[in-house]
Amino acid sequence: VNAETKQQVTYAELINSVNHLAAALQIDAGVRKGDFVAVALPNSAEFVITILAISECGGVVSLVNPAYTASKQALWMPYFSNLPLSCFVY
């Protein structure tokens, strides 16, 4: 249950969402075992689903603060250029 929105997600809905996103990450973004995937999402059900889906693909999660301003993003982007980054989820 999300404390702010009161959104509830059942275990079955969670698994279904994780499986759908994992398939999309593999098919559309080409995420494979060992690939880095940057994630910039606030704490939410979508955050949990995304982390689990990346893990299901065998990907490596790299968390990015979603509150970063454009100038802060410019500072950390060079670090990602050295990684085999498959995609960025935001």
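Counting all heavy atoms, side chain and backbone alike, Ala22 lies closest to Cys57 at O-SG, 3.4 Å. What you find for Ile51 and Val61 is that their closest heavy atoms are CD1-CG1, 3.5 Å. Closest heavy-atom contact between Glu46 and Leu41: O-CD1, 4.0 Å. In terms of heavy atoms, Asp35 sits closest to Gly30 at OD2-O, 3.4 Å. Heavy-atom minimum distance, Gly34 versus Val60: O-CG2, 4.0 Å.
Rounding to the nearest 0.5 Å places CD1 of Ile49 at 11.0 Å from CG of Asn19.
In this structure, the side chain of Asn16 does not engage the main chain of Ala12 through any donor-acceptor pair within 3.5 Å. Side chain of Ser71 to backbone of Thr69: no donor-acceptor contact under 3.5 angstrom is found. Proximity of a side-chain donor or acceptor of Arg32 to a complementary backbone N or O of Gln26 within less than 3.5 Å is detected.
Leu63 and Val37 fall within the same hydrophobic cluster, defined by Ile, Leu, Val, Met, Phe, Trp and Tyr side-chain heavy atoms under 4.5 Å apart, directly or through other members. Following chains of ILVMFWY side-chain contacts shorter than 4.5 Å, one can reach Val39 starting from Leu14, so the two form part of one hydrophobic cluster.
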